[in-house]
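Before any comments, here is the structure.
Residue numbers start at 1 and run along the sequence shown.
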Amino acid sequence: MERKNQNSESCRQLTRERIIEALGAACEEVSIIALEECGSTNDEAKKIALDGVVQPVLIVAERQTAGRGRLGRSFYSPARTGLYFSILYPTQASLQSAVSVTGAAAVAVMRAIRSTAGKQTAIKWVNDLYLDGKKVCGILTEALTGIGADARTYLIVGIGVNLTTEHFPTELSEIAGAVGGACPSRAELLAEIWRALSRYLNDPSDRSWLEDYRTHSMVLGRQIEWIRGEERRQGIAEAITEDGELEVLLSSGERELLRTGEISVRLKAIP
């Protein structure tokens, strides 16, 4: 595939027609909705799920006015400078087996950025991608159960990638960044992510993404801290399990598995 690496390509309007062209034959696997603006693509996916759709749906927005991240945080989503979309995926898998989808999504985005933009990002457990010390991508996975007469289950994977964003709100200026450089077209990047991620959505038991997740983790071997309830805890991130959990060594010598929650990486790596 010929790589389109002009920033003008990244800023071109992300129409349904351009997405279909970039997906090629894969466009037959998924329905596509391209919006100029919405509050949150994950919220739009929830509305669509109520109609009982049976095929995966891609919901893409040029701009989000209420983009969401984990723990109720907002995701800054200005027009034409990033890729903001959600995948609505009907599934028969148990929610427990689908927990790893966030990790698989992080690897899919990492690979897509590498193949289209030539940039290697690092993964912060569980759902963020970093480049040069700043967050360039966030992922929010949600699930809906008991929808419709057949009690269908849906996974919603929301992905936001900062591509050419230059100016962030003051509170984000020190922590948020963009892929930058010669960015690919957003349609091409979206297609690469879909092709990489759809195989794992089809089979949540597939763990072939784990090697890349571990290799490009920015937390393994480092001192981390996390909050459980009202308690702030610390330890050394030692391993990522087959289910995408983070195994942490505590100062007491005990080990703890983190399944959800927030961690922050200390700057000093453990020798």
For residues 27-35, which side-chain N or O atoms pair as donor and acceptor with protein atoms under 3.5 Å away, sequence neighbours left out?
unit_1: Glu29; atom_1: OE1; unit_2: Trp194; atom_2: NE1; d: 3.0
unit_1: Ser31; atom_1: OG; unit_2: Gln55; atom_2: OE1; d: 3.0

Residues 174-182 side chain polar contacts: donor-acceptor under 3.5 Å, at least two apart:
none

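With hydrogens and angles disregarded, a donor-acceptor distance shorter than 3.5 Å links the side chain of Asn127 to the backbone of Ile139. A distance-only check finds a donor-acceptor pair linking the side chain of Gln64 to the backbone of Thr41 [under 3.5 Å]. Looking at Trp125, its side chain does come within 3.5 Å of a backbone N or O of Gly244 through a donor-acceptor pair. A distance-only check finds a donor-acceptor pair linking the side chain of Arg18 to the backbone of Gln13 [under 3.5 Å]. Remark: the backbone N or O of Glu188 is paired with a side-chain donor or acceptor of Ser185 at under 3.5 angstrom. Side-chain atoms of Arg186 come within 3.5 Å of backbone atoms of Gly82 as a donor-acceptor pair (strictly under, hydrogens ignored).
Applying the salt bridge (Lys or Arg N to Asp or Glu O under 4.0 Å) rule to Lys134 yields no partners; only residues at least two apart in sequence or on another chain are considered. With sequence neighbours excluded, no residue forms a ring pair (Phe, Tyr, Trp, His ring centres under 6.0 Å) with Tyr130. Partners of Tyr213 according to the side-chain hydrogen bond (donor to acceptor under 3.5 Å, both in side chains) rule, which considers only residues two or more places apart in sequence or in another chain, do not exist here. Annotation: side-chain hydrogen bond (donor to acceptor under 3.5 Å, both in side chains) contacts of Lys119 (sequence neighbours excluded): none.
Crowding of Asp206 atom CG: a count of heavy atoms from other residues, nucleotides or ligands under 6.0 Å exceeding 12. No more than 12 heavy atoms of other residues, nucleotides or ligands lie within 6.0 Å of CD in Glu211, so this atom counts as exposed by the packing criterion. For Gln120, the CD atom counts as densely surrounded, since its 6.0 Å shell holds more than 12 non-hydrogen atoms of other residues, nucleotides or ligands.
Minimum heavy-atom separation, Ser86 to Gly158: OG-CA, 3.6 Å. Looking at every heavy atom in both residues, Leu249 comes nearest to Gly253 through CD1-O, 3.7 Å. Closest of all the heavy-atom pairs between Ser100 and Pro204 is OG-O, 3.6 Å. In terms of heavy-atom proximity, Ala45 sits nearest to Leu88 at O-CD2, 3.6 Å. The two residues Val161 and Cys137 make their nearest non-hydrogen contact at CG2-SG, 4.0 Å. Across Ala112 and Ser115, no two heavy atoms sit closer than the pair O-OG, 3.2 Å.
Under the 4.5 Å side-chain contact rule for hydrophobic residues, Trp226 and Leu257 do not share a cluster.
Between Tyr84 and Cys38, the closest side-chain pair of non-hydrogen atoms is not below 4.5 Å. Looking at Ile240 and Leu246, their side chains come closer than 4.5 Å, going by heavy atoms from C-beta outward. Two residues are said to be in side-chain contact when any heavy atoms from C-beta on lie closer than 4.5 Å; Lys47 and Ile59 fail this criterion. Counting heavy atoms from C-beta outward, Val101 and Tyr89 have side chains that stay 4.5 Å or more apart.
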**OP:** Starting from the C-alpha separation in whole Å, work towards a yes-or-no answer on side-chain contact (heavy atoms from CB on, under 4.5 Å) for Ile87 and Val57.
**Re:** CA-CA 6 Å; Ile87 298 170; Val57 184; over 6 Å; no

Subject >> Test side-chain contact (heavy atoms from CB on, under 4.5 Å) applied to Arg114 and Asp212, step by step >> reply: CA-CA 12 Å; Arg114 184 172 59 199; Asp212 258 359; 3.8 Å; yes

**OP:** Carefully, step by step, assess Glu242 and Arg207 under the rule salt bridge (Lys or Arg N to Asp or Glu O under 4.0 Å).
**Re:** CA-CA 7 Å; Glu242 290 294 306; Arg207 296 294 189 271; 5.4 Å; no

**OP:** Please step through salt bridge (Lys or Arg N to Asp or Glu O under 4.0 Å) for the pair Arg195 and Glu192, ending with a clear verdict.
**Re:** CA-CA 5 Å; Arg195 282 190 282 264; Glu192 286 291 318; 3.2 Å; yes

Subject >> Residue pair Arg80, Glu62: steps toward the salt bridge (Lys or Arg N to Asp or Glu O under 4.0 Å) verdict >> reply: CA-CA 6 Å; Arg80 304 287 177 92; Glu62 286 284 6; 3.4 Å; yes

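When the options Leu83, Leu14, Val109 are evaluated for a side chain to side chain contact (heavy atoms under 4.5 Å, CB included) with Leu189, the one that passes is Leu83.
A distance of 10.0 Å separates OG1 in Thr141 from CD1 in Ile156, rounded to the nearest 0.5 Å. To the nearest 0.5 Å, the span separating CD1 on Ile48 from CG on Leu144 amounts to 11.5 Å. In this structure, NZ in Lys124 is found 12.0 Å from CG in Leu129, a value given to the nearest 0.5 Å. The structure places CD1 of Ile19 at 11.5 Å from CD of Glu21, a figure rounded to the nearest 0.5 Å. With values rounded to the nearest 0.5 angstrom, Arg152 atom CZ is found 10.5 Å from Thr91 atom OG1. Here the straight-line distance linking atom NZ of Lys46 with atom OG of Ser40 works out to 7.5 Å at 0.5 Å rounding.
Side-chain contact check for Glu254 and Ser252: at least one donor-acceptor pair (N or O, by modelled atom type) lies under 3.5 Å. Remark: the Ser208 side chain and the Tyr200 side chain contain an N/O donor-acceptor pair separated by less than 3.5 Å. Inspection of the Thr241 and Asp243 side chains reveals no N or O donor paired with an N or O acceptor under 3.5 Å.
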